[in-house]
Amino acid sequence: MMLFAAVFAGFPAALLARFLAARVPHPGWVCALVPAALFAAFAAMGAGLGEAALVERLEWVPALGVGLGFRLDGFSLLFCLLITGIGALVCVYSGAYFAEKPRDKGASFLALVLLFMAAMLGTVLSDNLVGLYVFWELTSLVSFLLIGFDSHQVAARKAALQSLVVTAGGGLCLFGAILLIGSAMGTFSLSEIAARGGELTASPLAPAILVLLCLGAFTKSAQVPFHFWLPNAMQAPTPASAYLHSATMVKLGVYLLARFDQAFAGMPAFGTTLVVFGTATLLVGGLRALMQSGFKGILAQSTVGSLGLLVLLIGLGGEAAALATVGFILAHALYKAALFFCAGNAIHATGRTQVTQMSGLGPRLPLTAAAAALAAVSMAGLAPMIGFVAKELVFEAQLADAAGALAIALVVVGNAAFGMIALLSAVDPFWKRRDAPSEIKHRETPGLVLGPLVLAGLGLLFGLMPGLVAQTLIVPAASALHGAPIEASIYLWHGFTPMLALSAGVVALGVVLYLAWPRVHWRLGEWPPLVALLGDRGYYAVFDGILSLAERSTRMLQNGDQRRYTATVVAATVALVLAGLLLAAPGFAIDLDASALHPAPLAVLAFIVAGALAAARTRSLLAAMVSVGIVGFGSALVFLVNGAPDLALTQFSVEVLVVVILTALLLRLPLNPVPTRTRGERRFDAVLAAGFGLVVFVALAAMTAVPFDPRLSAFFAAASYPEAFGRNVVNVILVDFRAIDTLGEISVVCFAALGAWSLLRRRTGSGGAK
């Protein structure tokens, strides 16, 4: 059970990290041992994987066909290595980043990082959609905690709530898609669904599944029109931004769409939808980058654009697109996480967040500047970095798909924005001279520079020798994504090709955008129509509208009048039951055989009617309570004379409890309160009560006209002993077959008792209990 151990190792590690990190020296290095060990374990598993997949399964809810299954293939292996490898570097970086903060603060952050790593591993390894959904939502929850980690800041709290609302809302859509998939195909296995894709696309539920699935993936991966939450999430500490919002979590939507690419291969709307929304997101990310000046904000916009490019590639389909998707995922994770680390170092050193407020940091942060330069070259798509290889694969995929000139031109423009952002990240903070060099508050430390140097160095190494990862990582991952073996060789230099020409165009246009950025970004950023269109104003309009509607509804419905609450419930019940009776038009059967009447039940019924009339007529609260108790005790006697002593005993117990508690409460009130109901209100109450009684009478008469169906009674009688080991059928139904319902009823009684206790407590003038 290697995969189970790898996934669940992060949960106890997170608990242990919270304890140890506050007590040991160099906590980041200590916590990094867990993801580093997992990285080594996944690398070893990947070495022996071949074209097969490693599958482990544990029955979870077998009655519903839900199992906790994990599956490691080339594509999930790529994600596992990124999650654990970058996770180890994030732990080291976090330890150094929080070195001057209270130790408990750093320990809490490291615990959340390890918890997030475990949730991510569970998501990408899950072969069962229900298990995937559980881990998927856990990533959203931990992301919420990390974004709002600096909870004393209003902006951090708002960004955390926004990310949770958007991603959790998309998660509900995903859950709807999962339920529909299970209904349509009778399985929740992701690999089986991919193999039976024709059945899925032929199902009448396929359009609804497609829409819900795309909503879940688009919210997670910040696709238009849900692109706004990701840049706002930069309120998180920099290690979280590098880990969650560039290399791992935001790619989960891409991962999900890629997994369903085979299943929806026969549905043209799937590819078209992804191409359209992916292209729009790519362009919006580039445009919004022109409007930003914050270091992390600019990088976040490039992440939005990169996610759009990945969605576009998945929509293209084919072997070339699969290779391009995998290659770009790897390249983007390496250079983007490195650039976020570098941005964090610059912000940590100067205390400034804006690129325009930083200058001359290169000589004083030389290692950070070197890592930023290498990562920026990769992001711009220049040789000899892995980003150049990935960009060549992207254009090759477009040309192989015979994309039109407009589509290729739009991708060129989007990639040019990446080049502009790369220049901004590598040049302006470190080498561009403004009024005076920025003041340095914190110098480089080994923990702060290890991450960016390793990631940037790997980008250079894989670019110079792409064969190191081509046949061991990229091609197996692309084959798993494509659903069939792919034969491909990846080289740094392919000669003078159309892809090289497009790359040259990207570089040239990127330089032009970089030169124009100082004059353009502030104009675009202050243009209200564009800010309103591309920002989160629409989100807040919907969010505030819902809150306003809730407030008005609360004022109208929760007005504090118990009689109005009761009248509303009774009136709604009467209307619904009456509508059902009119639509069904059932028959009626009333047995008027006098010989069937017996004195004991008649006496009990007369007893109940007398109690009801007394409760309705009396003005004394105590007398009303006793009269209502008579009705309850009479009901218990009905159970008793009809051969149900256990129900009668339960009813007696409940009535005694209710009468005692409510009577104790009423003793605190005037026993003869001043009437507050007008004559008209009392007449309305009488009409409503009479209507309710009449409807119940008619419904009972209709039910008795229907022949008794003994199947349910026979089932419980036959199953009570062999399945629940109980001979009392009624008790077995309450305790076993409807145990959750009974638990809910018990909880209601307990909460009611607690409420009564709190009302009955007396406090002295000083606040102490008597």
Side-chain angles (χ1 to χ4, degrees), residues 133-134 136-180 207-236 244-245 249-250 252-253 256 273 277 280-281 284-285 288 297 300-301 304 307 528-562 564-565 567-569 571-572 575-576:
Y133 174 75
V134 172
W136 175 287
E137 290 298 271
L138 183 57
T139 62
S140 295
L141 179 60
V142 181
S143 175
F144 164 77
L145 296 175
L146 286 169
I147 294 171
F149 189 75
D150 293 323
S151 57
H152 61 282
Q153 298 179 3
V154 176
R157 297 198 301 271
K158 289 182 63 176
L161 179 61
Q162 185 182 79
S163 72
L164 184 65
V165 168
V166 174
T167 57
L172 291 176
C173 294
L174 173 60
F175 189 59
I178 290 172
L179 294 179
L180 293 180
I209 292 172
L210 175 61
V211 172
L212 292 173
L213 186 73
C214 287
L215 286 173
F218 286 179
T219 52
K220 200 75 162 184
S221 287
Q223 299 298 290
V224 168
F226 308 106
H227 58 280
F228 53 84
W229 75 264
L230 177 56
N232 292 341
M234 292 303 108
Q235 295 294 331
L244 280 68
H245 306 126
M249 190 197 83
V250 291
L252 280 184
L256 184 69
T273 300
F277 280 91
T281 306
V284 167
R288 293 196 73 197
Q301 299 298 348
V304 171
L307 294 171
L530 191 61
V531 173
L533 179 64
L534 301 182
D536 56 6
R537 189 170 298 179
Y539 161 82
Y540 280 112
V542 174
F543 188 79
D544 294 339
I546 293 174
L547 292 181
S548 177
L549 177 62
E551 184 180 357
R552 290 196 297 270
S553 300
T554 301
R555 284 199 303 266
M556 180 177 66
L557 300 175
Q558 300 293 327
N559 48 40
D561 187 350
Q562 181 60 48
R564 183 180 296 184
Y565 297 159
T568 301
V569 173
L576 290 174

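The chain is numbered in sequence order, starting from 1.
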### Query
So which heavy atom on A156 is nearest to which on Q235, and how close?
CA-CB, 3.8 Å

### Task
Identify the two heavy atoms, one from G171 and one from E137, that lie closest to each other, and give their separation to 0.1 Å.
CA-OE2, 3.5 Å

#### Entry: Rounded distance (nearest 0.5 Å) linking atom CZ of F144 with atom CZ of R157
10.5 Å

### Message
Counting C-beta onward and ignoring hydrogens, is there a side-chain heavy-atom pair between E551 and T554 closer than 4.5 Å?
### Response
no

### Summary
So OG1 of T219 and CG of L174: to nearest 0.5 Å the spacing works out to 8.5 Å

### Any V142 side-chain heavy atom under 4.5 Å of L138 side chain
yes

### Message
Nearest 0.5 Å, please: how far is CG in L549 from CG in D544?
### Response
12.5 Å

### Task
Look at the side chain of S151 and the backbone N and O of G148, then say whether any donor-acceptor pair between them is shorter than 3.5 Å.
no

### Task
Taking side-chain contact (heavy atoms from CB on, under 4.5 Å) as the test, write out the residues that go with R564, two or more places apart.
N559, D561, T568

### Task
Apply side-chain contact (heavy atoms from CB on, under 4.5 Å) to L212 and list each qualifying residue two or more places apart in sequence or on a separate chain.
C173, A177, L180

## Note on the structure
Smallest heavy-atom separation, L146 atom then A236 atom, equals O-CB, 3.7 Å

### Task
Keeping the roles fixed (side chain from K220, backbone from L256), state whether a donor-acceptor pair exists under 3.5 Å.
no

### Message
Tell me the closest heavy-atom pair linking Q223 and F277, and the distance in Å.
### Response
OE1-O, 3.9 Å

### Message
Do W136 and T167 have side chains that approach each other closer than 4.5 Å (heavy atoms only, starting at C-beta)?
### Response
no

### Query
Between P231 and A300, what is the shortest heavy-atom contact and its length?
CA-CB, 3.8 Å

### Query
Measuring from L141:CG to S163:OG, what's the distance to the nearest 0.5 Å?
10.0 Å

### Query
Would you say D536 and Q162 make side-chain contact, with heavy atoms under 4.5 Å?
yes

### Task
Can you label the angle between the Y539 ring and the F543 ring as parallel, tilted or perpendicular, going by 30° and 60°?
parallel

### Message
Tell me if a side-chain donor or acceptor on H227 pairs with a main-chain N or O of L534 at a distance below 3.5 Å.
### Response
yes

#### Entry: Closest contact, heavy atoms only, A222 versus L230
CB-CB, 3.9 Å

### Pairing residues for F175 by the ring-ring contact (aromatic ring centres under 6.0 Å, His included) criterion, not counting sequence neighbours
Y133

### Task
Side-chain contact test, heavy atoms from C-beta onward, threshold under 4.5 Å: evaluate it for T281 versus F218 and give yes or no.
no

